Amino acid sequence: MEKVKILDKTFETFIGSDEIEKAVKTIASQMHKDLAGKDVVFVAILNGAFMFASDLFRSIDFPARITFLKMASYIGTSSSGSVKQLIGINEDLKDKTVVVIEDIVDTGITIDLIVRQLKTYDPSEVKVAALLLKPDALTKEVNLDYVGIKIPTRFIVGYGLDYNGFGRNLKEIYVLSENQE
Ligand code: IMP
Ligand code: MG
């Protein structure tokens with residue numbers, strides 16, 4: 001088993017390139033069946049989803065647009081103290097089929113926020129594609145239309161996902177070694 005060290009932690013091989021590629025292709029063909037002919041705008045969530053979005057979008061064989069958004073944390077004056085807001089929307093999403101491209105859904109809190117904020121732009125529908133899902137970690141009832149690979153509740157890096165900013169360039173997905181969790 002191949003191991004990599006990122007900052008202070010050791011990670012080991014978890015999901016290989018072939019499996020990732022297969023999951024991306026499967027999602028692309030499901031999308032072809034559901035979405036071809038619709039007015040589609042893909043919305044990729046930075047930073048983590050950039051690699052998945054790039055591979056997925058290259059596999060899309062119908063006319064569609066793509067744009068990139070980011071969740072920004074604001075330490076605001078709200079009672080909760082911290083407010084997360086989606087930034088970067090300058091496309092017209094009204095009456096479009098919006099397809100969110102997210103790297104991973106863990107508790108579901110982030111994707112729930114993203115979908116709720118996108119709906120305020122009056123799209124005809126909002127669909128969600130997540131490469132990875134940790135089903136046992138979900139705390140929100142979220143509607144995920146396309147899911148690539150389900151994984152146990154463990155910390156992973158690679159293929160766009162990071163540990164403190166590093167590891168995004170790994171071509172495969174690695175999991176934090178058991179004895180370090
Ligand atoms: P959630 O709000 O708990 O669903 O978390 C989703 C976000 O947390 C994702 O968009 C990722 O940026 C990040 N995340 C969740 N799990 C992991 C992981 O295992 N590795 C790296 N980032 C993760
Ligand atoms: Mg993310």
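All values reported here derive from a predicted model rather than from experimental measurement. Start at 1 and go down the list; that is how both ligands and their atoms are numbered. All residue numbers refer to positions in the sequence shown, counting from 1.
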Is the side chain of K134 donor-acceptor paired with the backbone N or O of R154 at a distance under 3.5 Å, no angle test? yes
Do F155 and ligand 1 have an N or O pair less than 3.5 Å apart? no
Does only the side chain of E102 get under 4.0 Å from ligand 1, or the backbone, or both, or neither? Count heavy atoms. side chain
Can a non-hydrogen atom of T139 be found less than 4.0 Å from any atom of ligand 1? no
Is the closest heavy-atom distance from G48 to ligand 1 below 4.0 Å? no
State whether a side-chain donor-acceptor pair under 3.5 Å links T13 with E2. no
At less than 4.0 angstrom from any non-hydrogen atom of D162, what atoms of ligand 1 do you find? 21 (C)
Taking only heavy atoms of K134, which atoms of ligand 1 are found under 4.0 Å from at least one of them? 16 (N), 17 (C), 18 (C), 19 (O)
ring-ring contact (aromatic ring centres under 6.0 Å, His included) with F57: which residues, sequence neighbours excluded? F42
Heavy-atom proximity to atom 23 (C) of ligand 1 ranks first, among L46, I156, L138, I104, for I104
For atom 22 (N) of ligand 1, state which one of L161, D112, I111, T107 supplies the nearest heavy atom. L161
Q30: partners by side-chain hydrogen bond (donor to acceptor under 3.5 Å, both in side chains), with sequence neighbours left out: none
Do F166 and L176 share a hydrophobic cluster (ILVMFWY, side-chain heavy atoms under 4.5 Å, transitive)? yes
Stepwise, does the salt bridge (charged side-chain N to carboxylate O under 4.0 Å, His left out) test hold for D18 with K22? CA-CA 6 Å; D18 290 356; K22 223 178 85 192; over 6 Å; no
Close approach, R154 and ligand 1, non-hydrogen under 4.0 angstrom: yes
Whether D34 and K127 form a salt bridge (side-chain N of Lys/Arg under 4.0 Å from carboxylate O of Asp/Glu) is what I want to check. no
Of the listed options (T110, L132, L133), which comes nearest to atom 2 (O) of ligand 1 when hydrogens are ignored and any heavy atom counts? T110
